[in-house]
Amino acid sequence: MLASFAGPALAAPGPPPTAPYWVLLRNKKGSTLDAATYFTPAAQQRRLRQHLPPADSTDFPVPPAYVQAIRQHTDTITSVSRWCNAVACRATPAQAAALRLLPGVQAVVARTPATTPDARPAASASHSTAESTLSETDQLLARQQTAALGAAQLRQARLTGRGLRIAIFDVGFLGTDVHPAFEHLRGGQKVAATWDFIRQRPFVYGYGTHGTQVLSCLAGRLPDSTALGLAPEAEFLLARTEREGSERYSEEEAWLAAVEWADRNGADIINSSLGYTERRYFREQMNGRTSLVARAAALAVRKGMLVVCAAGNDGDDIRWGIVGTPADQDSVLAVGGIDPATWLPESFSSRGPTADRRLKPNVAAFGEAITAVPGGYERTEGTSFASPLVAGLAACFWQQQRQFTVGQLFQALQQAGSLYPYFDYAQGYGVPGAARFLAPPAAVPAPTFDFVRTDSTLSIVVRQPTGDLSPLPENPEPVPAVGQLLDDDTPTAAVAQAPGYLYLHVADARGVLRIYEIREVKQRLVARFPLAQLRPHDTVRASLNGYTQAYTVQP
């Protein structure tokens, strides 16, 4: 008799793996909405001020019957979006196939690429030990970070963000509920609502400190009452949309859910110091239309909310370098970082343009700031903190001109830029200032330079030299650019934004910049371009001491 041998026991097959999907619906058949009940009074008032209807079809809920049918054919429903008329879920391939056959389903699409890599806050924060007593240098920075935007003029005009509601989307607000920097917010009940979109609960005061630091650049105070931000009397909506450490595409879903929540709760301004870049997207996808958060931000603007985003901290990254998303969205105010010591673009600040060659960032503010952290305060850096500084300024502008539409406010912030109408891809229109908004210049600045064309060159020559400027030599050679960026791959260097520095760029016929530079004015001849290097219809634009002029090359 032959012996029989049993082979190794085979493991019982486990359940089939699930994957994330969006179930896109065709309509909202049978769905109704009582806008007066759904929206808070603050939201209703914002829509009225923005000349918007009380509600539109995107506000109507996803029909409950559709949601219930999807629930019965999936593993898990992770979120439901009114604005997208869609349900996010996890399902097996067989379940996804069944979902496509349900009534009302337009499409079932995978929510993520094959991998779901990390995203991160747009900060490059230092990790110094928090100090309850700041050095004199840090105390000076605490004053300058708001003074640079016109804090004195805003105080004189009694503009503090009062009456505005600002939503912050971030990784967490650790210590905000007990930190003395926010005692005035707690005492005045200025935190109108909170929600953790990761754990689906109202408590947001655990986890990361990044949101605490961002809030401090809007409304924090030092123990001596020095304001760290420009909107200490605004109201705030605090939303946790990010995890610390390893993250997933679901954070973008949380961002979408948070923006719908902010809309319902009456946000006027959204600050998002978060960015999604090479860990999830390709450079060519930074076009303001590809990412979920960019599309959600665009819809938020159409509903009357100003969305302010950090440009990002990838300026030193030769693989990426450009702004991330949702800062790439056209109607999002993207904020770059300026070095407080020089008033020049921070080397880490992500630059523009977008993939489809639009201007980004739009404006800039200090990329280093004093922020509140558990146990005290610290000096930290990143465009994450430039963004809320500008968001606070926006709240003050809107407080002063409450009738502004969101588009008018967006434009006013750009026009208040220190370089306007000049711009470049390192700092946009420069640092916006309250003085340029509250009292725009009554007269055109006096010319400070001239374009001089010969048969072979186009030169920029200072018109009224002052100080120790050298005269125009017999065979002049312009000083080299102190900071320049050519095409897309040359890193930007920075010099002081102060009298004595000329900003210039060369744009093609479509308005896309090919060259932008900063040159120190040490002699009358500041710049010279061989005409052979310029193209027909190129525009050379320059700015010096508030005067901006352009020269278009004729064929």
What's the shortest heavy-atom distance between L389 and L228, and which atoms?
CD2-O, 3.6 Å
In terms of heavy-atom contacts, Q399 and G161 come closest through OE1-N, 2.8 Å
Less than 3.5 Å apart, any donor N or O on the side chain of T383 or N313 sitting next to an acceptor on the other?
yes
For the residue pair H210 and F385, categorise the inter-ring angle as parallel (less than 30°), tilted (30 to 60°) or perpendicular (more than 60°).
tilted
Within the 4.5 Å heavy-atom criterion, are P20 and T78 side-chain neighbours or not?
no
Using every non-hydrogen atom in the two residues, find where V363 and L413 come nearest and quote the distance to one decimal.
CG1-O, 3.9 Å
So does P232 get a backbone contact from the side chain of K190, meaning a donor-acceptor N/O pair under 3.5 Å?
no
Backbone N or O of P202 within a donor-acceptor pair of the T194 side chain at under 3.5 Å?
yes
Okay, side chain of R240, backbone of F169: is any donor-acceptor separation there less than 3.5 Å?
no
Approximate separation, where rounding is to 0.5 Å, of I198 CD1 and R243 CZ:
4.5 Å
Within a reach of under 6.0 Å around CZ of F203, are more than 12 heavy atoms found that belong to other residues, nucleotides or ligands?
yes
Has R46 got a side-chain atom pairing as donor or acceptor with A267's backbone, closer than 3.5 angstrom?
yes
Q285 side chain to S291 backbone, donor-acceptor under 3.5 Å:
no
Contact summary for A327 and V332, nearest pair of heavy atoms
CA-CG1, 4.1 Å
Side chain to side chain contact (heavy atoms under 4.5 Å, CB included) evaluation trace for D263 with W83:
CA-CA 11 Å; D263 175 39; W83 288 8; 3.5 Å; yes
Note: V390 and A365 closest approach over all heavy atoms is CG2-CB, 3.7 Å
Any pair with a residue in residues 151-162 that passes salt bridge (Lys or Arg N to Asp or Glu O under 4.0 Å), sequence neighbours left out, goes on the list, sorted by first then second residue, please.
R162-E233
Do D75 and R90 meet the salt-bridge criterion of a basic N to acidic O distance under 4.0 Å?
no
Considering only heavy atoms from C-beta outward, does the side chain of Q50 approach that of T405 to under 4.5 Å?
yes
Between D356 and R289, is a side chain to side chain contact (heavy atoms under 4.5 Å, CB included) present by the stated rule, with each step listed?
CA-CA 10 Å; D356 51 350; R289 303 184 304 275; 3.2 Å; yes
Looking only at atom types and distance, does a side-chain atom of T209 sit under 3.5 Å from a main-chain N or O of T212, one as donor and one as acceptor?
no
Atom SG of C84 and atom CG of L299: how far apart are they, to the nearest 0.5 Å?
7.5 Å
Under a 4.0 Å N-O cut-off, is there an ion pair linking R402 with D268?
yes
What is the distance from atom OG of S349 to atom CD of Q427, rounded to the nearest 0.5 Å?
9.5 Å
Can you tell if the side chain of F39 reaches within under 4.5 Å of the side chain of R47, non-hydrogen atoms only?
yes
Does Q72 CD have over 12 foreign heavy atoms under 6.0 Å away?
yes
Taking W255 for its side chain and T241 for its backbone only, find out whether a donor-acceptor pair lies under 3.5 Å.
no
Can you tell me how the ring of Y425 sits relative to the ring of F423, calling it parallel under 30°, perpendicular over 60° and tilted otherwise?
tilted
Any side-chain heavy atom of L438 within less than 4.5 Å of one from L159?
yes
Compare all side-chain heavy atoms of Y377 with those of P223 and state whether any distance is below 4.5 angstrom.
yes
A side-chain contact here means heavy atoms from C-beta on lying under 4.5 Å apart; do L25 and I70 qualify?
yes
Shortest non-hydrogen contact from N287 toward E284
ND2-O, 3.9 Å
Test item: L154 and L393 side chains (from C-beta on) under 4.5 Å apart, heavy atoms:
yes
Full working for side chain to side chain donor-acceptor pair (under 3.5 Å) between Q153 and Q156
CA-CA 5 Å; Q153 292 89 345; Q156 186 175 7; over 6 Å; no
Between the side chains of Q411 and Q408, does any donor sit under 3.5 Å from an acceptor?
no
Does H73 use its side chain to pair, donor to acceptor, with the backbone of A96 at less than 3.5 Å?
no
Verify the distance criterion only: is there a donor paired with an acceptor across the side chains of E378 and Q213 at less than 3.5 Å?
yes
Parallel, tilted or perpendicular, judged at 30° and 60°: which one describes the rings of Y429 and Y420?
tilted
In terms of side-chain geometry, is the basic nitrogen of R283 or D314 positioned less than 4.0 Å from the acidic oxygen of its partner?
no
Whether the side chain of K360 engages the backbone of Q329 through a donor-acceptor N/O pair (distance < 3.5 Å, no angle test) should be reported.
yes
Test log, rule side chain to side chain contact (heavy atoms under 4.5 Å, CB included), inputs F404 and F397:
CA-CA 9 Å; F404 269 10; F397 282 11; over 6 Å; no
State, without any angle test, whether N27 and Y66 hold a side-chain donor-acceptor pair at a distance under 3.5 Å.
yes
Ignoring hydrogens and angles, state whether a donor on the side chain of S216 or T371 is under 3.5 Å from an acceptor on the partner side chain.
no
Give a yes or no on whether the backbone of N85 and the side-chain of K28 come within a donor-acceptor separation of less than 3.5 Å.
no
Report yes if some heavy atom in the side chain of F410 is under 4.5 Å from a heavy atom in the side chain of L333; otherwise report no.
yes
Straight-line distance of L24 CG to L99 CG, nearest 0.5 Å
11.5 Å
I269 side, atom CD1; F236 side, atom CZ - distance, nearest 0.5 Å
9.0 Å
Could you go step by step and tell me if T74 and V23 meet the side chain to side chain contact (heavy atoms under 4.5 Å, CB included) rule?
CA-CA 11 Å; T74 59; V23 182; 5.6 Å; no
Do Q139 and T226 have side-chain N/O donor and acceptor atoms under 3.5 Å apart?
no
In R264, R82, K303, the residue satisfying salt bridge (charged side-chain N to carboxylate O under 4.0 Å, His left out) with D59 is K303
Spatial distance of atom CG (L218) from atom CD1 (I168) [nearest 0.5 Å]:
5.0 Å
